[in-house]
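Accompanying notes for the structure given below.
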Amino acid sequence: RTLLPIDAKYLELSYPATTGTQPALTVAGDVLTQGADGGYGSWVFVAANQLAITSPGSAPPTFHVSVPASQIDALGAQTLVIGGNGDSAGGGASTPLGLPAAGNSVVMQNGAILSASQVFVVSNQITLEPGSGIDTLNAPAIPAGLTQDVTYGQDSPALIAVSNGRLTLAGANGSGS
């Protein structure tokens, strides 16, 4: 179905360049990402040309925008799109979510764990270091209908998709790794 007024909307965090040694995101309050009764939760998009999802105390790779996994999780999103942008938002019956890459690389560092009901990581190059992970088991179940008749990933050069609901993925046509 298409979005309704009871649904939470989208939040896009798009970083144009490296942010130095400081994390690019610090959540110091409440972010309202839940839908009203019967509504879908929010989608959060985090993108940069070179994006590093970091764990506590780790240093980001050189020339990467550093975003701590714990701060992304603090947003409380139902769906995370890491490395993609809001151009992939949409949905509804039979509408594909192409999930185009917004940058060249995403690195999930050792100890970085992302948690949401569904998580998409998209980029030209995706690196999951040993000890990094994606957890959908401790998140609320995806509501019936959120993923029904939706095809994901037709515009993704490389894609990792993890959900506690059912996903339909487009055939591989990307050139990423």
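Throughout, residue positions are numbered sequentially from 1 according to the sequence presented.
Here the straight-line distance linking atom OG of S42 with atom CG of L75 works out to 8.0 Å at 0.5 Å rounding. For the atom pair CD1 (I160) and CG (L128), the distance works out to 4.5 Å, reported to the nearest 0.5 Å. Taken to the nearest 0.5 Å, the CG atom of N49 stands 4.5 Å off from the CG atom of N104. Here the OG1 atom belonging to T79 is positioned 8.5 Å from the OH atom belonging to Y10, to the nearest 0.5 angstrom. F120 CZ to I82 CD1: the interatomic distance, rounded to the nearest 0.5 Å, is 11.5 Å.
Pairing each heavy atom of N124 with each of A158, the nearest pair is O-CB, 4.3 Å. Minimum interatomic distance between I53 and A112 (heavy atoms only, all atoms of both residues): O-CB, 3.5 Å. Looking at every heavy atom in both residues, W43 comes nearest to Q118 through CZ2-NE2, 3.8 Å. Across all their heavy atoms, P157 and S123 have their closest contact at CG-O, 3.4 Å. Across V81 and V122, no two heavy atoms sit closer than the pair CG1-CG1, 4.3 Å. Nearest heavy-atom pair across S55 and G111 is CB-C, 3.4 Å.
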* Walk me through it: do I72 and L80 pass the test side chain to side chain contact (heavy atoms under 4.5 Å, CB included)? => CA-CA 9 Å; I72 295 171; L80 295 173; 3.6 Å; yes
* **CA sep, side-chain torsions, deciding dist, call: V46, Y15, side chain to side chain contact (heavy atoms under 4.5 Å, CB included)** => CA-CA 8 Å; V46 181; Y15 300 97; 4.3 Å; yes
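Each of L159, V121, V107 was checked for a side-chain contact (heavy atoms from CB on, under 4.5 Å) with I126, and the lone residue meeting it is V121.
Side-chain contact between N164 and L137 is absent, with no heavy-atom pair separated by less than 4.5 Å.
Residue pairs meeting the side chain to side chain donor-acceptor pair (under 3.5 Å) criterion with at least one member in residues 106-116, sequence neighbours excluded: S58-Q109.
T136 contributes no side-chain N or O that, together with a main-chain N or O of V162, makes up a donor-acceptor pair within less than 3.5 Å.
The cluster map of Ile, Leu, Val, Met, Phe, Trp and Tyr, joined by side-chain heavy atoms under 4.5 Å apart, puts I113 and M108 in different clusters.
In this structure, the side chain to side chain donor-acceptor pair (under 3.5 Å) partners of N138, at least two apart in sequence or on a different chain, are D135.
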